[in-house]
2 protein chains.
Amino acid sequence: MDAQEPPVFLRKNRRYAETNRRVTIMDVARAAGCSHTTVSLSLNDSPLITEATRRRVREKAKALKYTPNRVARSLRLARSQTIGIVAGSGPDQSRAGLLRYLGTTLLQKKFRPFLSSSLITRQDEWECFGEFLEDRVDGIIALVSDRVERYEASARQVNCPVVFALGVHQSDDRADYVTVDREEGAYQGAAHLLALGHRKIAFPYRPCDLLFHPPKLRGYQRALREFGVVDVERHLFPYPVEMDWTKSGYDFGEKFLSLADRPSAVFTSDVRFAMGFIRRLRKAGVGVPGDVAVVAYGSGRDTDWMEVPITTVEFPLKVIAEKAAEILIRRIQGEPSGDSQMTLGHELAIRDSCGAKAAREGSRPNLDLAGAATS
Amino acid sequence: MDAQEPPVFLRKNRRYAETNRRVTIMDVARAAGCSHTTVSLSLNDSPLITEATRRRVREKAKALKYTPNRVARSLRLARSQTIGIVAGSGPDQSRAGLLRYLGTTLLQKKFRPFLSSSLITRQDEWECFGEFLEDRVDGIIALVSDRVERYEASARQVNCPVVFALGVHQSDDRADYVTVDREEGAYQGAAHLLALGHRKIAFPYRPCDLLFHPPKLRGYQRALREFGVVDVERHLFPYPVEMDWTKSGYDFGEKFLSLADRPSAVFTSDVRFAMGFIRRLRKAGVGVPGDVAVVAYGSGRDTDWMEVPITTVEFPLKVIAEKAAEILIRRIQGEPSGDSQMTLGHELAIRDSCGAKAAREGSRPNLDLAGAATS
DNA sequence: ATGAAAGCGCTAACAT
DNA sequence: ATGTTAGCGCTTTCAT
C-alpha cells in the first residue's frame with residue numbers, strides 16, 4: 001500500500017509510447033502498487049499469489065478496463081490458441097455445415113477458429129494456407145481441393161500441425177486427415193437407385209473436378225456392374241462448368257429432356273445441381289420422382305421445405321469436425337497421436353426425389369427396432 | 001564476407017529457444033554475414049541498403065525459407081494489417097454477399113479480413129467484437145443486430161476504428177456507418193405491388209426482430225396510405241420464430257391458405273421465407289404470381305433458377321462494402337474523415353413472383369380489388 | 001509472497 | 001552503408 005511509484009525499471013522510450021497507448025499490465029501494476037509480474041500471476045490465477053493481492057489486482061484491472069494484449073502474449077508463448085481453417089471460396093452446403101461444427105468444437109476446447117479469407121473471396125487456398133503459417137496459428141484444418149502433399153510439406157517445414165478434412169488421400173499419405181470414402185458413398189447412392197429398379201442412371205459430372213470425381217465414378221460403376229448393368233459408360237454426361245450450380249443443373253435438365261434414350265434416374269454429386277435439374281424437368285411437366293428419380297451426393301437438409309426434398313448420400317459432418325479437431329489438438333499439445341488418419345462412411349438420407357418413399361408407402365414396417373425393449 | 005560469427009550479442013536463453021524454433025531474422029543475418037537490422041531493412045526494401053546487400057540477404061532468406069513472424073511485427077508496429085469482421089451467425093444471402101465484397105475490397109487494399117467466429121458458430125456478436133479488440137485488429141467492420149452504441153463506446157475506449165454496415169442508426173449517432181434506408185426500401189416493395197393493383201397485401205413479420213422491423217413496417221404502411229388503403233393494420237401477421245426461415249414461410253403459407261379474407265399479395269422481409277411460402281401455395285394449387293403476388297426484401301439472385309424467381313428489393317451490396325472499407329481505412333490511416341455516415345437506397349429487382357412481367361405480357365394477375373372495375 | 005530481469009522476433013532511432 | 005541498442009507487452013525463472 002505504499003509504492004505509488006513505478007517500480008523504477010520503466011524509463012519510457014521516445015516514440016511508440018504515445019502512439020495510441022492502451023492500458024497495459026504496467027498501468028495495472030502501478031495502480032495496484034505492485035510489480036507487473038504480480039499482475040500477470042494474479043490474472044492468470046497462479047497459486048503463488050495471495051487471495052487478497054489477486055483480488056486487489058483484479059479490481060484495478062477491471063477499473064482501468066485492462067485487456068491483455070494477445071499479440072504480446074502470443075509472441076512470448078509462441079502460442080496463439082488460434083486455429084486456421086482453410087476452405088476454398090463458396091463451399092457448398094456440406095462444407096458450410098462442417099465449418100459450423102468445426103467452429104463450435106474448437107471454441108469448446110478453448111481454441112479460436114480463424115477462417116481463411118478465401119472463404120469469402122476468390123483468393124487461392126494455397127495462398128491462405130501460407131498466410132496462416134506466417135500468422136503463427138497453432139494449427140490448421142484444411143479443406144483443400146488439391147492433392148495434400150504440397151500443403152503437408154510446407155507445414156511440416158515450420159512444424160505446424162495440419163489436419164486435412166474431406167480431402168482425397170492415398171494409402172502412403174503421411175498427413176493427418178479425416179475424410180470419407182467417396183467411392184463407397186457413390187456406390188451407396190447408385191445402389192439405392194438400382195435397388196429401386198432403375199437400370200439407366202445418368203451420371204452427370206464436372207469435367208474439371210479432377211480430384212473428387214474419379215472415386216465417385218468408380219463407385220457408380222461398381223454399383224452398376226454389381227447389379228448386372230453391362231454398359232457402364234453409357235450414361236456419363238460431362239456438363240459445362242458454370243459458376244452457378246443450380247443453373248448447371250437446369251441446363252442439364254434441358255439436355256436430358258432431349259435425350260433419345262432417356263434414363264429413368266439421375267445420380268449427381270451436387271444438391272444445387274439436382275435442384276436446378278428437377279426445376280427444369282418439372283417445368284416440362286416431367287415429374288420427380290414420378291418420371292425420373294434423383295439422388296444427390298451431399299447435404300440435402302436444406303431441401304426439406306422445397307419443391308422436391310432431395311434424397312442424398314450425406315457426410316457425417318459432425319463426426320468429421322469433432323475428429324479433426326481432436327486430432328489437431330492432440331498434435332498441438334504434443335500428446336501421443338493415436339489414430340490420426342480416418343476414413344468414414346456416408347449416410348443415405350431418403351427424402352422424396354428418389355421415389356423410395358412413394359414406392360414403400362405404408363407397405364413395410366420399420367424394422368430398425370431390433371433390440372428395443374418395447375414394454 | 002567474413003563474419004561467420006553471430007554478432008556476439010546473442011547469448012541464447014535457456015528454454016524457449018529450443019521449443020519449435022523457426023527461422024528468424026537472426027538466422028538470416030548469420031547466414032548473410034550481417035546484422036539483423038540489415039536483414040530487416042533489406043527485406044522491407046529500405047533505400048538505405050545497397051542493391052548487392054539486398055540481393056544477398058534475399059537469397060539467404062529464401063534459401064533458409066525464412067518467413068517473417070507476423071506476431072512480432074504486429075507487436076512492434078502496434079499494427080497488424082488485419083480487419084475484424086463481425087457478422088452474426090448464419091447471415092442471410094444478402095449479408096453473405098456483402099462479406100464477399102468486403103473481403104475482396106479489403107484484400108485489394110492490403111488488409112487481411114478476419115472473420116468473426118460468430119459467423120460459423122452461435123457465439124455472440126458482442127463477444128466476438130470484444131475478442132477482436134483484444135486481438136488488436138487495426139479496425140472492425142461490424143454487421144450487428146443490436147443498437148450500435150454499446151459497440152461504439154467499447155471500441156472508442158481502446159481507440160479502435162469501427163465502421164458499422166447495414167445497421168440501424170439514429171440521427172445523433174456518432175459512429176461511422178454505411179447502411180440502407182429500410183423504410184424507403186419497404187416502401188418501394190409495397191408500392192410496387194400497389195402499383196400493380198394489389199390492395200390487400202399481407203406483411204408477415206418476425207416478432208422478435210425488434211431492430212429491423214419497425215422501419216420496414218413504417219415504409220409498408222406509408223405506401224399503403226399513399227395508395228389510399230384505409231386499414232393499414234389489417235394484414236400484419238406475426239409468425240412463429242423458427243430457425244429455418246424456409247419452414248417459417250412454408251408454415252405461413254399454410255395459415256395464409258386458410259385465411260377467410262385472403263390477401264392477393266405478400267410482402268416479406270426474407271427471401272427464404274418467400275421460397276417456403278410459395279412452395280406451400282403451389283402445393284395447394286395456388287399459383288405465384290397468378291393467384292398471389294410475392295415481393296421479398298433481400299437478395300433474390302439465387303432464385304433465378306428456381307421454381308419461381310422472386311422479385312426483391314435489394315441492397316447495393318458492392319457499394320456498401322466499398323464505402324465501408326474506404327471509411328475504415330481512412331480512419332486507420334488517420335486521414336481526414338470525409339463523409340463517414342452514409343445511408344443508401346435500394347434497387348427493385350423485378351423477377352417472376354410479383355407478376356409484373358406477366359402483366360406486361362398481357363395476362364393479368366388475379367386481383368381481388370376492393371372497388372376496382374375489373375374488366 | 002513478491003520483485004528483478006530476461007527475452008519472444010521484430011523495427012527504428014541513433015551511432016559509427 | 002551497416003551495426004548497436006532499445007523496447008513493443010507479456011510470461012517465467014530466479015533471487016529475495
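In what follows, every heavy atom counts, from backbone to side chain, and hydrogens, waters and symmetry copies are set aside. Since the structure is predicted, the reported quantities are computational estimates derived from the model, not experimental observations. Residue numbering restarts at 1 for every chain, and letters A, B, ... go by the order of the sequence lines.
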Minimum-distance nucleotide (side-chain atoms of [X] versus [options]):
X	options	answer
A/R73	C/dG3, D/dT11, C/dC10	D/dT11
B/L75	D/dT2, D/dG9, D/dC10	D/dG9
A/T24	D/dG9, C/dT2, D/dG3	D/dG9
A/S35	C/dG3, C/dG7, C/dA12	C/dG3
A/R76	C/dC8, C/dT2, C/dC10	C/dC8
B/N69	C/dT2, D/dT11, C/dC10	C/dC10

Can you give the donor-acceptor pairs under 3.5 Å from side chains of residues 136-146 of chain A to other protein atoms, not counting sequence neighbours?
| unit_1 | atom_1 | unit_2 | atom_2 | d |
| --- | --- | --- | --- | --- |
| A/R136 | NH1 | A/E134 | O | 3.4 |
| A/D138 | OD1 | A/S80 | N | 2.8 |
| A/D138 | OD1 | A/S80 | OG | 3.3 |
| A/D138 | OD2 | A/R79 | NH1 | 3.2 |
| A/D138 | OD2 | A/S80 | N | 3.2 |
| A/D138 | OD2 | A/Q81 | N | 2.6 |
| A/S145 | OG | A/E125 | OE1 | 3.4 |
| A/S145 | OG | A/E125 | OE2 | 3.1 |
| A/D146 | OD2 | A/R150 | NH2 | 3.4 |
| A/D146 | OD2 | A/Y151 | OH | 2.8 |

Checklist entry - Would you say D/dT12 has OP1 or OP2 under 4.0 Å from some side-chain N or O of A/S40? => result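 False: A/S40 side-chain N/O out of range (4.0 Å or more) of D/dT12 OP1/OP2.
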Checklist entry - OP1, OP2 of C/dT2 versus side-chain N and O of A/T50: anything below 4.0 Å? => result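 A/T50 to C/dT2 OP1/OP2: side-chain N or O found under 4.0 Å.
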Item to check | Chi angles and distances behind the salt bridge (charged side-chain N to carboxylate O under 4.0 Å, His left out) call for B/R54, B/D45 | outcome: CA-CA 8 Å; B/R54 189 198 321 286; B/D45 285 318; 3.6 Å; yes
Just how far, in rounded Å, is [atom2] of [N] from [atom1] of [X]?
X	N	atom1	atom2	result
B/R56	D/dA1	CZ	P	14 Å
A/L43	D/dG9	CG	P	16 Å
A/N44	D/dG9	CG	P	17 Å
A/H36	D/dT12	NE2	C1'	10 Å
A/D138	C/dC8	CG	P	19 Å
A/L41	D/dT11	CG	P	9 Å
A/I25	D/dT12	CD1	P	11 Å
B/L48	C/dA13	CG	P	10 Å

Checklist entry - Which part of the nucleic acid does B/L77 contact within heavy-atom distance under 4.0 Å: base, sugar-phosphate only, or nothing? => result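 The answer is sugar-phosphate, as B/L77 gets under 4.0 Å only of primed atoms, P, OP1 or OP2.
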Checklist entry - What closest approach, in Å, do A/G103 and A/P113 show between heavy atoms, and which atom pair accounts for it? => result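 Distance-wise, the nearest heavy atoms are CA-CG, 4.1 Å.
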Checklist entry - What are the two closest non-hydrogen atoms of A/R331 and A/S340, and how far apart are they? => result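 Residues A/R331 and A/S340, closest heavy atoms: NH2-OG, 3.4 Å.
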Checklist entry - Between B/H169 and B/Y177, how do the two ring planes meet: parallel, tilted or perpendicular, split at 30° and 60°? => result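 It falls in the parallel class, under 30°.
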Checklist entry - Starting at the 5' end of DNA chain D, which residue's closest nucleotide do you reach first, B/T53 or B/R136? => result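 Checking each residue's closest nucleotide, the 5'-ward one belongs to B/T53.
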Item to check | Donor/acceptor link under 3.5 angstrom from A/T37 side chain onto base of D/dT12 | outcome: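 When only heavy-atom distances are counted, A/T37 does reach the base of D/dT12 through a donor-acceptor pair under 3.5 Å.
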